[in-house]
Amino acid sequence: AAIQGAVVVGSLSALGAAIFSIGIPENSVIEYEAALKTDAFLVVAHGPVDEMARAKTILEAMEPARLDLHQDVKDMAKPLAGHTSHQAAA
């Protein structure tokens, strides 16, 4: 329900615009938004290839309805302008 009240940027919600801005293809973003409107979940992970392979293996064990891997997304290792980087405590 939160997605329905989100600010629309072009044809995308604020969440859709955010994930599109990191390089997720627009057609995938539209499908993700539609799934979220039906109370589905969206899990996003970003990291080195070996970590993404491990994440994929873990997620596949949960038998998701869909599991997409996107390449060539923007490097999120650097904080965006005006944003602070947060690190988890060890």
Point to revise | CA sep, side-chain torsions, deciding dist, call: Val29, Leu15, side-chain contact (heavy atoms from CB on, under 4.5 Å) | key: CA-CA 9 Å; Val29 173; Leu15 174 63; over 6 Å; no
Check your understanding: Between Leu59 and Pro64, what is the shortest heavy-atom contact and its length?
Key -> O-CD, 3.2 Å
**Study point:** Lys37 with Glu33: basic N within carboxylate O range, under 4.0 Å
**Key:**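 Salt bridge absent between Lys37 and Glu33.
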Exercise for review: Decide whether Val44 and Met52 are clustered together by the hydrophobic rule: side chain heavy atoms of Ile, Leu, Val, Met, Phe, Trp, Tyr closer than 4.5 Å, transitively.
Suggested key: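 As far as the 4.5 Å side-chain criterion goes, Met52 and Val44 are not connected within one cluster.
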Point to revise | hydrophobic_cluster_shared for Ile30 and Ile22, side chain cutoff 4.5 Å | key: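 Looking at the clustering, Ile30 is in the same group as Ile22.
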Exercise for review: Please lay out, stage by stage, how Leu42 and Ile19 fare under the test side-chain contact (heavy atoms from CB on, under 4.5 Å).
Suggested key: CA-CA 11 Å; Leu42 176 64; Ile19 60 177; 4.2 Å; yes
Point to revise | Criterion side-chain contact (heavy atoms from CB on, under 4.5 Å) against Ile58, the qualifying member of Arg54, Met62, Glu60, Lys56 | key: Arg54
Point to revise | Full working for side-chain contact (heavy atoms from CB on, under 4.5 Å) between Glu31 and Arg66 | key: CA-CA 11 Å; Glu31 292 174 12; Arg66 178 175 179 171; 2.6 Å; yes
Practice item. Indicate yes or no: at least one non-hydrogen side-chain atom of Tyr32 is less than 4.5 angstrom from one of Asp68. Key: yes
